[in-house]
Q: 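This is the structure, below, for whatever I ask next.
Below, read A as the first sequence line, B as the second, and so on, with proteins coming before strands; counting in each chain starts at 1.
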There are 2 protein chains.
Amino acid sequence: MSVTSDSEIGTARIHQEEILEAAALCFMERGYNASSIDDVARRLGSTKGRIYHHYRSKADLFADVYRYGMELNAAAIKPLCGAYDDPVEKLKAMAKVHCLTMLRTRPFQRCVWEGVSLLMRGATTPEQRETLVELQGLRESYAIRFREVIEDARESGKTDFESSGIATQIFLMALNSPIFWYSPRDTDDDEQLNEIASRCTRFALQGLGIGKEYLQDV
Amino acid sequence: MSVTSDSEIGTARIHQEEILEAAALCFMERGYNASSIDDVARRLGSTKGRIYHHYRSKADLFADVYRYGMELNAAAIKPLCGAYDDPVEKLKAMAKVHCLTMLRTRPFQRCVWEGVSLLMRGATTPEQRETLVELQGLRESYAIRFREVIEDARESGKTDFESSGIATQIFLMALNSPIFWYSPRDTDDDEQLNEIASRCTRFALQGLGIGKEYLQDV
DNA sequence: CTTGGAGCATACTACCGGGTATGTTGTCAA
DNA sequence: TTGACAACATACCCGGTAGTATGCTCCAAG
């Protein structure tokens, strides 16, 4: 991992992304603890050596999968941040894009999910604890993006709920839900994903009390 | 496990329920795979021997936790089944009770959740596979109860969604969500739980498109 | 052309945890 | 009183897995 030039960093990332994807698939299918490093290696058609050359431990590998998943999320909603006046319109766009990202990068998002509830405990080494807090921070700051817009929407009088904290939790949960109950078709039709995302988004927005007149174009 | 009389079955259940609760707590905190039988035993202040006297394997123990959790769910909504004319009112009641049960029996419900996504894979022994299908069936038939009422509500024209399958999934997800983001207060105030359940229920019903005029008394 | 290191593979160790075999104690019925 | 069994505890085995130590190969710089 002692790379020097930028190009070498680039190629290293490429090699690692291959590993990341295989790891995400394994972790999604069997969970973190039930997946062995050998499982990941087997999926890559290689051996442990390759993985341990790039990652110091299984926990490190998982952390990188988690981080990558969160990066995908952050990148997806980034273009929307300064592009709307109406908070409801902004929330609509963010929700839809978030849900679509969930569906398109499902293995990584399942890992993010497991990481939240699983790595919290498990209390491994002291320095991994530190990494974990950082990852948890990524997730929280992402959620706060939504929470702020939800609060703005409430101030505009177009919603009706009490606690924005709770509302944000249920809201995101509704948007995340398809990564659990949706199994991608053999024809991974992007139209199909769009349909699912639309319905989830509409449900979530209506859940906040946003009127149906705002939901025609979702 | 070779009990004979009814009373002995009763006492056996009592002893086992103690184990079930400890197991549910362990599985909730660290997940199934990360929890060892010794962990469960330690929480009970005993040793492996006690657990393996009542359960033939770790998977059997987990299955019983799962089953118990589903029994709690089924028992909670049972009184509501024939008590309503308006499907929307029935759905309201079922949703509220379901959400409250989630909150009150959180450790078991977390196990039910993990069981769904984790035991599906993992493909252990062939006969455990059989048990697993049975448990999966419990969960599905429970979900169908909701789906039917949701379909009735749609036919009454008080909702607006396309696929009742997807709607049911998101609906239940919204109601289940607090078992993940709600940490019980030291004062396990039942009023507090009621408040959470109310908000989740309102969100879920609104998500289906049910008008706010129906949600005053939730 | 050689040497150092990246990028793996191979072989091995150490340990944890599921499962078992066996011992111990209390209780209850005959 | 005794034996039989439930309800555990103790001691042990053993397979799987994280992690390591080392070997191999190719490439690029000097």
Q: B:Arg50 has an atom CZ; how far is it from atom P of D:dC8, in whole Å?
A: 5 Å
Q: State, yes or no, whether a side-chain contact exists between A:Arg104 and A:Thr101 at a heavy-atom distance under 4.5 Å.
A: no
Q: Could you tell me how far apart A:Tyr55 (OH) and D:dA18 (C1') are, to the nearest whole angstrom?
A: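 Distance check: A:Tyr55 OH to D:dA18 C1' gives 17 Å.
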Q: Out of the candidates A:Phe62, A:Tyr68, A:Tyr66, only one should pair with A:Phe27 under the ring-ring contact (aromatic ring centres under 6.0 Å, His included) rule; please name it.
A: A:Phe62
Q: For residues 73-83 of chain A, which side-chain donor-acceptor pairs fall under 3.5 Å, sequence neighbours excluded?
A:
| from | atom 1 | to | atom 2 | distance (Å) |
| --- | --- | --- | --- | --- |
| A:Asn73 | OD1 | A:Gln109 | NE2 | 3.0 |
| A:Asn73 | ND2 | A:Gln109 | OE1 | 3.1 |

Q: Measure up the B:His98 and B:Tyr142 rings against each other and bin them: parallel (under 30°), tilted (30 to 60°), perpendicular (over 60°).
A: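 B:His98 vs B:Tyr142 ring planes: tilted.
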Q: Can you name the residues that form a ring pair (Phe, Tyr, Trp, His ring centres under 6.0 Å) with B:Phe161, not counting sequence neighbours?
A: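 B:Phe161 satisfies ring pair (Phe, Tyr, Trp, His ring centres under 6.0 Å) with no residue once adjacent residues are dropped.
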Q: Using 4.0 Å as the upper bound for N to carboxylate O, is an ion pair formed by A:Glu71 and A:Arg67?
A: no
Q: Check B:Gly207 against A:Gln206 and note the closest heavy-atom contact, atom names and distance.
A: O-NE2, 2.9 Å
Q: Please give, in whole Å, the distance from C:dT10 C1' to A:Ile51 CD1?
A: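 Taking CD1 of A:Ile51 and C1' of C:dT10, I get 15 Å after rounding.
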Q: May I have the distance from B:Gln16 (atom CD) to D:dA6 (atom C1'), rounded to whole angstrom?
A: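 For the pair B:Gln16 CD and D:dA6 C1', the rounded distance is 13 Å.
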Q: Can you pull out how bent the helix from C:dC1-D:dG30 to C:dA30-D:dT1 is, comparing the axes over its first five and last five pairs, to 10°?
A: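 Taking the rotation axis at each end, their angle is 10°.
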Q: May I have the distance from A:Glu18 (atom CD) to C:dG7 (atom C1'), rounded to whole angstrom?
A: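 That distance rounds to 13 Å.
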Q: Looking at B:His54, I'd like to know whether one of its side-chain N or O atoms comes within less than 4.0 Å of OP1 or OP2 on D:dA6.
A: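 For D:dA6, OP1/OP2 do not have a side-chain N/O of B:His54 under 4.0 Å.
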Q: Indicate the atoms forming the closest heavy-atom contact of A:Arg154 with A:Ser164, along with that distance.
A: NH2-CB, 4.0 Å
Q: Just to verify, what does B:Ala204 make a side chain to side chain contact (heavy atoms under 4.5 Å, CB included) with, not counting sequence neighbours?
A: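 In terms of side chain to side chain contact (heavy atoms under 4.5 Å, CB included), with neighbours along the sequence ignored, B:Ala204 is linked to B:Phe171, B:Ala174, B:Leu175.
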Q: Tell me whether B:Lys58 forms a cation-pi arrangement with B:Tyr32, defined as NZ or CZ under 6.0 Å from the six-membered ring centre and within 45 degrees of its axis.
A: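 The answer is yes; both the distance and angle limits are met.
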Q: Check the interface with nucleotides 17-19 of chain C: list each N/O to N/O pair with the protein under 3.5 Å, or write none.
A:
| from | atom 1 | to | atom 2 | distance (Å) |
| --- | --- | --- | --- | --- |
| C:dG18 | OP1 | B:Ser35 | O | 3.4 |
| C:dG18 | OP1 | B:Lys58 | NZ | 2.9 |
| C:dG18 | OP2 | B:Ile37 | N | 3.0 |
| C:dG18 | N7 | B:Lys48 | NZ | 3.0 |
| C:dG19 | OP2 | B:Tyr52 | OH | 3.2 |
| C:dG19 | OP2 | B:Lys58 | N | 3.0 |
| C:dG19 | N7 | B:Lys48 | NZ | 3.2 |
| C:dG19 | O6 | B:Lys48 | NZ | 2.5 |

Q: Answer yes when B:Arg139 and B:Glu134 have at least one side-chain N-carboxylate O distance shorter than 4.0 Å, and no when they do not.
A: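 A salt bridge is absent here (no side-chain N lies under 4.0 Å from a carboxylate O).
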Q: Report all interatomic pairs (protein N or O, nucleotide N or O of nucleotides 21-24 of chain D) with separations under 3.5 Å.
A:
none

Q: C:dA9, D:dA9, D:dA7: which one has an atom nearest the side-chain heavy atoms of B:His53?
A: D:dA7
